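This report concerns only the one structure given below.
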Amino acid sequence: MPARRVVITGLGVVSSLGLNVKEYWQNCLAGRSFVEPIPAHWHHYAEYQSTLWIPLPELDYKALGFSRMEILQHDPVSLMAMYASQQAVESAQLAITLKDKRKNTYQLEHIDNTRCGVFMGTGIGGYHTLLENYSNQVISRTAQSFGQWAKTLTDDQQQQLEEYLQKIPYAERFNPFGVPMTMSNAVSASVGIKYTLHGANRTFTQACSSSTLAIGQAFKAIQNGELDYILCGGSEYTNDYFGGIFRGFDIAKTLVRVCDNKDTANRPFDKHRSGFLYSEGGAAVLLLEEYHAAKQRGAPMIAEIAGFAETFDAHNLMSLAPENSQLERMLQKVLDDAQLAAQDIDYINTHGTGTQINDQQESDVIQHLFGDKPLINTSKSLLGHTLGASGALEAVITALSIQEQTTHVCHNLETAIADLNFVKTVQKVTINNAISQSFAFGGHNIALLLKSIQD
Amino acid sequence: MSEQRKEIEQRVFKVVKEVLSLEEQETLTLETTLLTDLGADSVDIVSLLMDLEDEFGGKIEENDAVKLQTLGDIVDYIEHRAASEENL
């Protein structure tokens with residue numbers, strides 16, 4: 001029996017480039033990138049080599065339809081996944097009905113919800129909540145003691161102490177929902193609860209390839225008949241009040257170091273690149289379903305997923321293995337999985353972080369296997385690095401590039417480090433087969449192969 | 001009823017309606033019970049107490065929280081705390 005075909009019928013995004021797919025895609029094609037200085041108060045706590053990031057737009061979850069209860073009980077990483085899922089369900093034109101008004105949950109109409117799953121990726125899950133609660137745990141009583149002691153001091157001393165205390169704010173409460181808000185699997189669980197989906201519900205935590213893996217596993221689960229519909233993708237929220245998550249990447253020397261000009265600092269694949277641009281995060285969700293079922297219900301079909309591959313470097317927790325053998329093996333495996341050859345590939349949405357090592361090795365591998373034929377870009381040149389959400393945000397761009405037969409430029413690329421077919425202008429192109437790939441701390445290499453819809 | 005008590009009552013009812021996703025026109029009284037009349041479960045009540053803390057400031061201690069059975073209990077509690085010049 002031939003393998004079942006898997007199509008993408010719905011998309012949703014929460015990103016620095018927009019809170020819906022239309023705005024996201026328009027901003028990508030316009031080459032926009034909203035880079036800003038890191039929050040001023042982060043400088044109270046440390047010296048940094050990198051001083052830029054890409055913040056998310058302010059999200060008014062109440063205005064987006066979330067109940068007060070949902071907002072109180074979820075970390076932003078889960079709320080963003082839920083909102084991106086809502087968009088994916090709506091754009092896939094699946095009918096839903098309200099199941100429980102108080103819980104603000106829904107159920108799908110005309111679909112067996114035991115055949116519907118949720119596969120989500122996240123690198124750090126609800127770390128934000130963990131750190132908030134920890135600020136309460138560590139600081140609150142000590143700060144209150146200082147406040148009492150201050151009463152015994154002179155006015156000048158009190159004022160000085162007050163200034164110090166203002167620099168160590170803490171969450172007013174240790175949130176009673178802290179455990180479920182922090183746990184990584186809340187990301188997929190929250191989406192499964194929101195839409196009453198009883199099929200397999202999985203969260204993948206594999207650093208920057210987390211959501212690529214989630215999509216790949218979802219593709220396989222539909223292809224092999226385990227499930228019929230899957231909301232898949234990922235979410236990441238990397239903000240904390242003190243900037244400690246940012247500092248972890250900064251001190252590891254992974255972030256953009258030349259920060260004089262915020263508009264040109266982020267320049268993957270350029271000779272003058274200096275690291276990756278930290279993003280506050282985001283989320284992207286794809287609805288995958290079996291091709292014939294999608295066709296029968298008249299679903300909008302954006303692209304087909306035809307291949308998935310993963311390899312592991314077994315080399316180092318932070319660096320790519322220098323000989324590239326596992327990246328090449330991954331790419332050969334994904335071509336084999338889709339029964340295509342290297343010359344069939346029209347476009348590669350690269351991992352393209354902007355670090356010295358990644359971009360050099362990735363471009364070497366592409367040149368070796370594909371030559372200069374496929375179009376090459378990196379969505380991180382616009383979005384910065386959204387860590388565990390990046391693979392899903394890039395898969396959305398890859399799918400839209402196939403559907404729209406155009407793609408965005410490789411932003412800020414002036415002196416390319418390799419003779420590849422980097423996208424320099426937005427124009428109509430032929431993209432039938434495309435690869436989106438992600439590499440992760442740990443040594444994980446993941447690739448997806450997407451195709452245009454063919455009968 | 002004092003103006004202050006009336007204001008506390010209105011704010012409590014507003015928080016209860018929002019947290020428990022009640023219709024705006026739903027009639028609440030001081031005798032309305034959280035468990036029986038409003039069908040709140042333990043998770044709902046924890047959320048409600050968090051939002052009341054946010055609305056009125058301060059912290060509702062566990063020993064006090066278990067005594068809050070009706071909306072009137074909540075209003076009394078907050079009014080008492082206000083009279084003793086504590087937050088909440």
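In this text, all values refer to a predicted model and were calculated from it rather than measured experimentally.
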Are more than 12 heavy atoms, taken from residues, nucleotides or ligands other than A:F146, located less than 6.0 Å from that residue's CZ atom? no
Going by an N to O cut-off under 4.0 Å, is there a salt bridge joining A:R68 and B:D54? yes
Quick one: CD on A:E172 to NZ on B:K59, what's the gap to the nearest 0.5 Å? 11.5 Å
Show the nearest heavy-atom pair for residues B:S21 and A:K101, with the distance to one decimal. O-NZ, 2.7 Å
Part of A:R102 lying under 4.5 Å from any heavy atom of chain B: both
Name the region of B:L22, side chain, backbone, both or neither, that has any atom closer than 4.5 Å to a heavy atom of chain A. both
Does A:Q160 have more than 12 heavy atoms from other residues, nucleotides or ligands lying within 6.0 Å of its CD? yes
May I ask you to check whether over 12 heavy atoms, not counting those of A:E163, lie within 6.0 Å of atom CD? yes
So which of B:V46, B:V15, B:L48 has the biggest tally of heavy-atom pairs under 4.5 Å with chain A? B:V46
If only atom types and distance count, is the side chain of A:R173 paired as donor or acceptor with the main-chain N or O of B:M50 below 3.5 Å? yes
Would you say B:K17 has more than 12 foreign heavy atoms packed within less than 6.0 Å of its NZ? yes
Side chain from CB out, backbone as N, CA, C, O: work out which of these in B:V43 comes under 4.5 Å of a heavy atom of chain A, or both, or neither. both
So does A:Y127 have more than 12 non-hydrogen atoms from other groups sitting under 6.0 Å from OH? no
Count the heavy atoms belonging to other residues, nucleotides or ligands that lie under 6.0 Å from OH of A:Y134, then report whether that count exceeds 12. no
Need one label for A:N104: side chain, backbone, both or neither, based on atoms under 4.5 Å from any heavy atom in chain B. neither
So CG of B:D44 and CG of A:L72: to nearest 0.5 Å the spacing works out to 11.0 Å
